[in-house]
Protein chains: 6
Amino acid sequence: MKTIAQRTPGFTGADLENVMNEAALLAGRLGKSQITNNEINEAIERTIAGPQRKSRLVSEKEKEIIALHETGHALVGRLLPGADPVQRISIISRGMALGYTIQMPTEDRHVRTKAELLNMIAFSMGGRAAEEEMLGEITTGAKNDFQKATELARQMVSEWGMSDRLGPISYSNKEEMVFLGRDLTRERNYSEAVALEIDEEIKKVINGCYEAAVQIILANRVKLRRIAGILMQREVLEGDELERLLTEEPAAV
Amino acid sequence: MKTIAQRTPGFTGADLENVMNEAALLAGRLGKSQITNNEINEAIERTIAGPQRKSRLVSEKEKEIIALHETGHALVGRLLPGADPVQRISIISRGMALGYTIQMPTEDRHVRTKAELLNMIAFSMGGRAAEEEMLGEITTGAKNDFQKATELARQMVSEWGMSDRLGPISYSNKEEMVFLGRDLTRERNYSEAVALEIDEEIKKVINGCYEAAVQIILANRVKLRRIAGILMQREVLEGDELERLLTEEPAAV
Amino acid sequence: MKTIAQRTPGFTGADLENVMNEAALLAGRLGKSQITNNEINEAIERTIAGPQRKSRLVSEKEKEIIALHETGHALVGRLLPGADPVQRISIISRGMALGYTIQMPTEDRHVRTKAELLNMIAFSMGGRAAEEEMLGEITTGAKNDFQKATELARQMVSEWGMSDRLGPISYSNKEEMVFLGRDLTRERNYSEAVALEIDEEIKKVINGCYEAAVQIILANRVKLRRIAGILMQREVLEGDELERLLTEEPAAV
Amino acid sequence: MKTIAQRTPGFTGADLENVMNEAALLAGRLGKSQITNNEINEAIERTIAGPQRKSRLVSEKEKEIIALHETGHALVGRLLPGADPVQRISIISRGMALGYTIQMPTEDRHVRTKAELLNMIAFSMGGRAAEEEMLGEITTGAKNDFQKATELARQMVSEWGMSDRLGPISYSNKEEMVFLGRDLTRERNYSEAVALEIDEEIKKVINGCYEAAVQIILANRVKLRRIAGILMQREVLEGDELERLLTEEPAAV
Amino acid sequence: MKTIAQRTPGFTGADLENVMNEAALLAGRLGKSQITNNEINEAIERTIAGPQRKSRLVSEKEKEIIALHETGHALVGRLLPGADPVQRISIISRGMALGYTIQMPTEDRHVRTKAELLNMIAFSMGGRAAEEEMLGEITTGAKNDFQKATELARQMVSEWGMSDRLGPISYSNKEEMVFLGRDLTRERNYSEAVALEIDEEIKKVINGCYEAAVQIILANRVKLRRIAGILMQREVLEGDELERLLTEEPAAV
Amino acid sequence: MKTIAQRTPGFTGADLENVMNEAALLAGRLGKSQITNNEINEAIERTIAGPQRKSRLVSEKEKEIIALHETGHALVGRLLPGADPVQRISIISRGMALGYTIQMPTEDRHVRTKAELLNMIAFSMGGRAAEEEMLGEITTGAKNDFQKATELARQMVSEWGMSDRLGPISYSNKEEMVFLGRDLTRERNYSEAVALEIDEEIKKVINGCYEAAVQIILANRVKLRRIAGILMQREVLEGDELERLLTEEPAAV
């Protein structure tokens, strides 16, 4: 149990319980009397990204896009200074996702520094940056990446006081009002001028992180294409394999 | 079953089940003990566009408008570089539609490139472009085309990061709040200045695609009029017939 | 039944059924065992404008205003190039209306051209234009005319892509959200700048149509006054009577 | 019954029935076996303004303000060109009102001309104009007058097309949406620029009418003070008394 | 009963009934068989400000602030030209209030002149003005004063037509819509430009009244400090005591 | 009981009852028949910050950040002129908080002066100021500090009349409307221009307080680092220990 907990920092107790139940179920379905590492790995992945959808037919062209996209996330996530290690890249569909890259912190985090947050946003940008620089084509696949990144940037600027221009002020537009358990409303309580400043600061943060992701992609084009090619064949790459592929020759940052 | 699935990429399992049930019902109504290709074709069409409404009286003048409008969709859809083949054009009323053109992707798509999305928008513009260029008259018939195209353009610009000006940022105005299963509210969380940029970028996308559609129409006026004329008589044109009509002499793009 | 359907293009099957039931009821009330043309005519009118309210006392001065107003509608509706024929003018109160002019299309229409829509708006403007040019006084009687015309102009500009300035884009502010069958909200999803463009384009459309209506009124002052005078006495004018009155000498357009 | 109906143009059938029931009740309370003119008069007044509240204690200073205010309404209402006759002025409290002036049209009206509407607004302004010009003091007593006048001016400008600047366009912000009988929402569907034009036009209308009211007050200061003085003593003035007081010497307009 | 009613102008019948019930209860609790003046006084105060909260511990420093604040209200309320007499000052906590000053009109008022309203606002400003001028410190204690004053100023400007700049127009943002007894919504129906004018006029009114309050405070510094000192000891001052303290030497206005 | 009440000014009677119940429970759980000071201390802390979460694993790096952050609060809170004493600093997780600093007023406060409010805001800024000046890194840990500070600044500016620029006016956007116990809505009732002034004044207040906090941090860098180091080892520092650590050599302000 402890080993599992160490492999899953950021998981709550309830998450861990889910993992164990899921693993027991998988073992039962396979007629095993013992839960092995295989079941536990699959159970962890399910908890993060949903059940596998092998029946989903994905064309070769799309597979290439997805492989480049995920490898882009992985490379940026791995090569940013101070970034967390990448635990796994996969292009097997799970739940709504066509692929995923899991970056696991080495230990639980309770506060995040501005530098870590910028890394997280750059990691989100890695997929689109790879599409743009490697394919010259951009796709709809980065929608969720942009949502996550924008939400982080918005919080940096308007809740965590991380923009010099806006300062240490809370500009949240979340105001909850409960009346007899009926209504919940959110109303912006700042002026249009502040709304514009928030938009401009979010744009500055996101564009800066996108630029950082592009630089890493451009400096590692050869490696990226090679790893994406291997990923297309194997469909899953574990963190140590990625590490080996990256360090066979030094990666530029 | 496999053949049907191949003819209907983009359909979910539930869609296919609907098709088979519908086909069985149609066969039953006609006293057939076997489902033939006819029933299956009709069932596919019903699933896409609703039941036929042959009783609807459409004047000759309107028939001409509808035929030109649908042929406009088909030509633009067929002649754009990289476009999906057109499967069928029809001017038989179905559900709310007076006519329809079915463009079927050759395989399931899970991500869409920017180029494919621009093609989809140009395809939507084909109907109105034909009205304007062939009749010198524009009608209310393009309302749904504009809704679909605008929605795509809006997502390109504000969710899929496909506008250089707005960048890889998510400006969704969809914020769902559920409280005790009662309320759901959407509130714009960006400034008026960004709202204007989004509007301008949507306009640029749509106008560019409209221009592309007009160019194809203008370069194929003779062919368009001829195909529309045949469509008025036959009411339905299958994809291979359209293909033959188009290739009897080379179509300009 | 067929004859009735031909006299009422635009009516749905349900509308026709209402007409027949209404006619049967009227015949029953009068102790007739047969439904005659009289009952059917009254039933058609009731379906369009509500039951007669003969008890409503209308002063002579108001009658004159109403007669001029309705004749204004009829003249503009009749004399616009490409307009549908006028079927009946009445200054007998029905439902909420003090008078009404019925313009029936000669056949069912499923799409409307821009020219037809401009005619429909000009027809709506005919009543006020007559008040202003013939009486030098304007009244509250045109409220519904303005609502209908503005709604058409708004759709032309923001849904049907009929404004060159706004282009083939859908700027609908109707967004329906249904959640557990409870809530429905509409939120404008375009910028203030676009809202202003829409307003300006609506104004341009309406003012242009009003100008067209005024020109027809001014060119037919003598005829308008004469027909309005006859309408005040007879209270109802059928389409063929109007036609005869108009053609006794040529009407200027 | 007919006489009553003639004395109460604008009343619906239901209003008249209310009047008769009220009169019967009043007669019953007084032990009368016959309904006399007294009961009917009181019943008409109750239907318009609510039951008398004689117990309300009003100071002499307030009585003077109210008398001048109501006489202001009456004078403006009576002396505007084309105005309806004043039927009664009262400073006996009824319902929420401390005083009231009843101006009865000589016949039912179904449409209103722009001139009549301007008169109605000027009539509403008469009370405040009298306060300002006769007392040099203004009070809270004109709140309802301003609401009625502003509402009329708003409709003139935005629904009845009576402003040259805004034209024959309907700018209503009343949009009703009913969904399963639950929700009703009004959303402004025009731009801020139009909202400003509407505000400016309303202001122009109201200020013009206020100016007209002031002119009448200033030209009839002596008469106004004399009539208000008589009203303070008698508490009620019937239309014919007012008429006599006004015509003892010619009133300036 | 009549004496009580005279001491409580502005009270409704229901308020008076509350007072009598409360007094009976208090007498009962004290084992008295007769209601005396003491019970009635306490009952009136409770109806205005809530029950005493003697257990609340207030520091000497806060007592000084409260005493100066309340004396500020009392002085401004008493010394403005045409103001109502002050009936009682208290620094005993009641309900949510730490102190209160009761200014009773000498008779019921049904309309308020602009001059009276400005006095009421200046009275509300008296507490803060005393804090600022006497202590050089301002506190949170004036929150309710500002709410009441702003609400009055808003009504003067937007409902009672008492601003020359905005004129006799009703700019209420209270629009009630009832549909099947369910919903009630208020929507601003004027433009941003008018909203700004309203804000500027409110500010002008409030600042003018604050200035007036400051002038009275500054002209009566010695008296204010002396009365506040006595109030700190005695905790309650009746109107006649205040009157005596003020008139021992003439108060400057 | 009295001693407890003296140690917890600001607590209501209900809070005190909670403390006693909590203490009794803790004593029971430990098998004690008597409630000792230990149980009471823990019970007070629980009432303020929630139960301890010793199982939460916090890395050394995070512990350092938290210790500097809390010591920052404590130093600013202690060294501002006129500030309340600090009762305890802790970096043991409780509820949602990773650490906390309790600043207890020496007596109950019912009104707050502007100076006290500015101190409260500067105290909130102390944590982030310490992060920035001591670590050169800023974190998400100050989110709640900013919310509290912004809310106080907003009330100072818009409810308590503590901004010279906005004046003694109440610009609350809280408007409650209750209709049949169903709906509650808040609508901003001031113009965009005022919204901007409020934002600017809030920013001025917060930035000024942040500057004050930074000055104290910078003047006490050595002391801050030393105290934070001790806090990292001991996890809790009582107010008297902090006092001793601060006064071993004079602290610069």
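Basis for what follows: all heavy atoms, side chains included, without hydrogens, waters or symmetry-related copies.
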Novice: Chain D contacts: which residues in residues 193-200 of chain E have a non-hydrogen atom closer than 4.5 Å to it?
Specialist: Ala193(E), Val194(E), Glu197(E)

Novice: Residues two or more places apart in sequence or in another chain: which of them pass side-chain hydrogen bond (donor to acceptor under 3.5 Å, both in side chains) with Lys143(D)?
Specialist: Glu159(E)

Novice: Specify which of Thr150(D), Thr139(D), Asp145(D), Thr140(D) makes the most heavy-atom pairs with chain E at under 4.5 Å.
Specialist: Thr140(D)

Novice: Could you tell me whether a side-chain N or O of Glu62(D) sits under 3.5 Å from a main-chain N or O of Arg109(E), the two making a donor and an acceptor?
Specialist: no

Novice: Holding to side chain to side chain contact (heavy atoms under 4.5 Å, CB included), I want the full list of residues that pass it with Arg46(D), two or more places apart in sequence or in another chain.
Specialist: Glu22(D), Leu26(D), Arg29(D), Glu42(D), Pro51(D), Arg94(D)

Novice: Rounded to the nearest 0.5 Å, what separates atom CD1 in Ile169(E) from atom CZ in Arg154(D)?
Specialist: 9.5 Å

Novice: Would you indicate whether the side-chain heavy atoms of Arg128(D) and Met162(E) approach each other to under 4.5 Å?
Specialist: yes

Novice: Using heavy-atom distances under 4.5 Å, tell me whether Lys61(D) contacts chain E through its side chain, its backbone, both, or neither.
Specialist: side chain

Novice: Please name the pair of heavy atoms, one in Gln147(D) and one in Ser170(E), separated by the smallest distance, quoted to 0.1 Å.
Specialist: CG-OG, 3.4 Å

Novice: Calculate, to the nearest 0.5 Å, the distance between atoms CZ and OG belonging to Phe146(D) and Ser158(E) respectively.
Specialist: 12.0 Å

Novice: Which donor-acceptor pairs under 3.5 Å do the side chains of residues 202-214 of chain E make with protein atoms, sequence neighbours left out?
Specialist:
| from | atom 1 | to | atom 2 | distance (Å) |
| --- | --- | --- | --- | --- |
| Lys203(E) | NZ | Arg165(F) | O | 2.7 |
| Tyr210(E) | OH | Glu132(E) | OE1 | 2.6 |
| Glu211(E) | OE2 | Gln215(E) | NE2 | 3.4 |

Novice: Name the member of Glu192(D), Glu137(D), Glu131(D) that forms the most heavy-atom pairs with chain E at distances under 4.5 Å.
Specialist: Glu192(D)

Novice: Under 4.5 Å, counting heavy-atom pairs only, tell me which of Ile66(D), Leu98(D), Ile65(D) racks up the most with chain E.
Specialist: Leu98(D)

Novice: How far does OG of Ser59(D) sit from NE2 of His110(E), to the nearest 0.5 angstrom?
Specialist: 8.5 Å

